[in-house]
Q: 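One structure follows; several queries about it will come next.
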Amino acid sequence: MDTSQNLSRLSAIVQSSEDAIISKNLDGIITSWNPAAETIFGYTSEEAMGKNIRIIIPDDLINEENIIISRVRRGEQIGHYETVRRKKDGTLFVVAVTVSPIRDENENVIGASKIVRDITELKSAEQKQAMLAAIVDSSDDAIVSKNLDGIITSWNTGAEKIFGYSQSEVIGKHISIIIPKDRVDEETVIIQKIRNGERVSHFETVRRRKDGREINISLTVSPVKDKNGKVIGASKVARDISERAELERQRQLFTERLQEINHYKDEFMAMASHELKTPLTVIKANLQILEHKMQGDNKIDFVNKTLNQVNKLSNLITDLLDISKIQNGVLELNLTAFDLIPFLAEVIGSIQKTSPDHKINLITKSKKLLIRADSNRLEQVMVNILTNAVKYSPNGKIITVESAMQDSNVVVKITDHGIGIHQDDIDKIFTRFFRVRGLASTFSGSGIGLYISSEIIKRHGGNMWVESEIDKGSTFYFNLPADKSQK
Ligand code: ADP
């Protein structure tokens, strides 16, 4: 092959190369610029030729270029170094460069040729991989991969910590090394799912550490696929949940213990109330006889006061017994059909007698409001709401009771203008023994009445609720299904 043939072949290679091939003289002036250089840097050959090579070098890398030129002057070749170059539009990108000296016929270095390859994509793929590797390595979870035969192919630091085996001890071993004997079947099921391309999420199970200790873990296993989408293995992420499982176990034990204690307390309360009730009934009967016999005696006042206190005690015991009945689901209702309006008038009348300072009004548009209910239990509810309305309204003297039909329910509404209830306490006042904090010194009470009342209403198939504003007053509501069997 003669020289001219050789030259034209070389020229063809340069023209068709995918890498930028550039030459420059020792002053840095560009003397050749192939088509790939045009594509990579964005400068046409006309734009680049005769310019200083600095047009493609970021300002802060000029020094690097000077060092390279001086090495080329000494006749050195600089093979494959990675650096950054600048395109015509200013974007910087990562390149791999090889620089070789160009010599004249006397072997004097007169310039340099550069082969520049754009490695941006390669770099970002490498970076991504390095980042993923770092994530896997720094994870506290065990991240393990295995092939479809269950052979371990990777094992991160988290896995070393959780299972106690170092990487070199387990790579190439079967995953059953960490599976307790009675759970080996699990692995077969998991592998079957993985073969089908399915994932196993947050599966809570037990695994065995190198020291033999069994630990609770939460496992997520995902299929690993090759480029063609074929499942070739599985990746497992395992989290040690022993601590959580232990806490859960303790919580469960604690709850069971509390339930047990609560049950004893209920039993004790029921038994004590029952045992108190009998002597108290005898005391009350005797006091009543005494009161009768002492009419006109100036010492009758002592008897009356005692009887009063005995009545309070008796009511409290009745309430405690009611609570036991509700708790044990044995609160029985004796249902009869009656008209609510005269019933309300009567209850209001009796409360009005003992609360002369307040005025209790009854408002109703209906002539008749027929319900089927246990009238004694309903009286208990009304007495409780009305005595509360009186008790918690030391300054608001008007109390209103309204009743009306609403859809197929009868609604009763009791409004007072008293101290009101804070929004935070509204939902709590119907629970057992709840009393609004700070009230005890001013208002006596036990926090039982509203609990029993709302349970009685619920047992009737109704509901009880309250609307209230501090210092403005409260409105208690309850509804009951209307009795449609009568007219
Ligand atoms: P208590 O015997 O304490 O009155 P209740 O179960 O009847 O028990 O009521 C529970 C709590 O609800 C009361 O302690 C009180 O704080 C609040 N409460 C009940 N009714 C009213 C009302 N009409 N106005 C303001 N607060 C009330």
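It should be emphasised that the depicted structure is a prediction, and the values quoted were computed from it without experimental measurement. Whatever order the structure lists ligands and atoms in, that order sets their numbers, starting from 1.
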Q: Any atoms of ligand 1 less than 4.0 Å from a non-hydrogen atom of Phe476? List them with their elements.
A: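 Near Phe476, meaning under 4.0 Å from one of its heavy atoms, ligand 1 has 20 (N), 21 (C), 22 (C), 23 (N).
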
Q: Side-chain donor-acceptor contacts of residues 334-349 below 3.5 Å, not counting sequence neighbours, with atom names and distances?
A:
unit_1: Asp339; atom_1: OD1; unit_2: Ile341; atom_2: N; d: 3.1
unit_1: Asp339; atom_1: OD1; unit_2: Leu369; atom_2: N; d: 2.9

Q: Taking only heavy atoms of Ile448, which atoms of ligand 1 are found under 4.0 Å from at least one of them?
A: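 Those of ligand 1 that fall under 4.0 Å from Ile448 are 6 (O), 8 (O).
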
Q: Does any N/O atom on Ser444 come nearer than 3.5 Å to any N/O atom on ligand 1?
A: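 Ser444 vs ligand 1: no N/O contact under 3.5 Å.
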
Q: For ligand 1, which atoms have a heavy atom of Leu439 less than 4.0 angstrom away?
A: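 Answer for ligand 1: 16 (O).
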
Q: Any idea which heavy atoms bring His274 and Leu321 closest together, and the distance?
A: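 Looking at all heavy atoms of both residues, the closest pair is N-CD2, 3.9 Å.
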
Q: Quick one: nearest non-hydrogen protein atom to atom 26 (N) of ligand 1, plus distance?
A: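 Looking at atom 26 (N) of ligand 1, the protein heavy atom closest to it is Ile421 CG1, 3.3 Å.
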
Q: Answer with yes or no whether the side chains of Gln252 and Arg249 bring together a donor and an acceptor at under 3.5 Å.
A: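 On atom types as modelled, these side chains do not qualify, holding no pair under 3.5 Å.
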
Q: Are any of the N or O atoms of Val436 closer than 3.5 Å to those of ligand 1?
A: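 Right, the criterion is met.
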
Q: Below 4.0 angstrom from a heavy atom of Gly420, which ligand 1 atoms are there? Numbered from 1 as shown, please.
A: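 Per the distance check, 25 (C).
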
Q: Enumerate the atoms of ligand 1 whose separation from the nearest heavy atom of Asn384 is less than 4.0 angstrom.
A: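 Heavy-atom distances to Asn384 below 4.0 Å select 7 (O).
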
Q: Under the side chain to side chain donor-acceptor pair (under 3.5 Å) rule, collect the residues that match up with Ser324, sequence neighbours excluded.
A: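 Applying side chain to side chain donor-acceptor pair (under 3.5 Å) to Ser324 gives none.
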
Q: Around atom 2 (O) of ligand 1, find the nearest protein heavy atom and jot down its residue, atom name and distance.
A: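 Heavy-atom neighbour on the protein nearest atom 2 (O) of ligand 1: Ser446 N, 2.9 Å.
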
Q: Considering only protein heavy atoms, which is closest to atom 27 (C) of ligand 1, and at what distance to one decimal place?
A: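 Atom 27 (C) of ligand 1 sits closest to the protein heavy atom Tyr392 CD1, 3.6 Å.
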
Q: Under a 3.5 Å threshold, yes or no: a donor from one side chain and an acceptor from the other, between Ser145 and Thr153?
A: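 There is such a pair between these side chains.
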
Q: Which heavy atom of the protein is the closest neighbour of atom 11 (C) of ligand 1, given with residue, atom name and distance?
A: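 For atom 11 (C) of ligand 1, the nearest protein heavy atom comes out as Phe434 O, 3.7 Å.
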
Q: Shortest non-hydrogen contact from Ile421 to Val436?
A: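 For Ile421 versus Val436, the nearest heavy atoms are CG2-CG2, 4.3 Å.
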
Q: Under 4.0 Å from any heavy atom of Gly445, which atoms of ligand 1 are there?
A: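 Those qualifying, in numeric order: 2 (O), 3 (O).
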
Q: Minimum heavy-atom separation for Thr205 and Arg183, please, with both atom names.
A: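 So the two residues come closest at OG1-NH1, 3.1 Å.
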
Q: Between Ile452 and Asp319, what is the shortest heavy-atom contact and its length?
A: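 Nearest pair, atom of Ile452 first, then Asp319: CD1-O, 3.4 Å.
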
Q: Indicate, as side chain, backbone, both or neither, the part of Ile385 found under 4.0 angstrom from ligand 1 when only non-hydrogen atoms are considered.
A: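 The answer is neither.
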
Q: Would you mind listing which atoms of ligand 1 come within a distance below 4.0 Å of any non-hydrogen atom of Lys391?
A: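 Checking each atom against Lys391, I get 1 (P), 2 (O), 4 (O).
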
Q: Checking Asn308 against Lys305: is there a side-chain donor and acceptor pair closer than 3.5 Å?
A: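 No pair is found: no donor N or O on one side chain lies under 3.5 Å from an acceptor on the other.
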
Q: Please check if atom CZ in Phe443 has more than 12 non-hydrogen atoms from other residues, nucleotides or ligands closer than 6.0 Å.
A: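 Buried by this count: over 12 neighbours within 6.0 Å.
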
Q: Run the contact test for Phe430 against ligand 1 with a 4.0 Å cut-off on heavy atoms, strictly below, and give the result.
A: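 Per 4.0 Å heavy-atom rule, Phe430 does not contact ligand 1.
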
Q: List the closest protein heavy-atom neighbour of atom 3 (O) of ligand 1: residue, atom name, distance to the nearest 0.1 Å.
A: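 The closest one turns out to be Arg435 NE, 2.5 Å.
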
Q: What protein heavy atom sits nearest atom 12 (O) of ligand 1, and how far away is it?
A: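 Sorting protein heavy atoms by distance from atom 12 (O) of ligand 1 puts Ile429 CG2, 3.5 Å first.
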
Q: Considering heavy atoms of the protein only, find what lies nearest to atom 9 (O) of ligand 1 and give residue, atom and distance to 0.1 Å.
A: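 Going atom by atom, the protein heavy atom closest to atom 9 (O) of ligand 1 ends up being Leu450 CD1, 3.5 Å.
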
Q: At what distance is the nearest protein heavy atom to atom 7 (O) of ligand 1, and which residue and atom is it?
A: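 Its nearest protein heavy-atom neighbour is Asn388 ND2, 2.8 Å.
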
Q: Go through the side-chain N and O atoms of Glu267 and His263 and say whether any donor and acceptor fall under 3.5 Å apart.
A: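 Short answer, yes.
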
Q: Under a 3.5 Å threshold, yes or no: a donor from one side chain and an acceptor from the other, between Thr400 and Lys413?
A: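 Absent: no donor and acceptor within the cut-off.
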
Q: When you measure from the heavy atoms of Gly418 to every atom of ligand 1, does any distance fall below 4.0 Å?
A: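 Distance cut 4.0 Å: Gly418 fails for ligand 1.
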
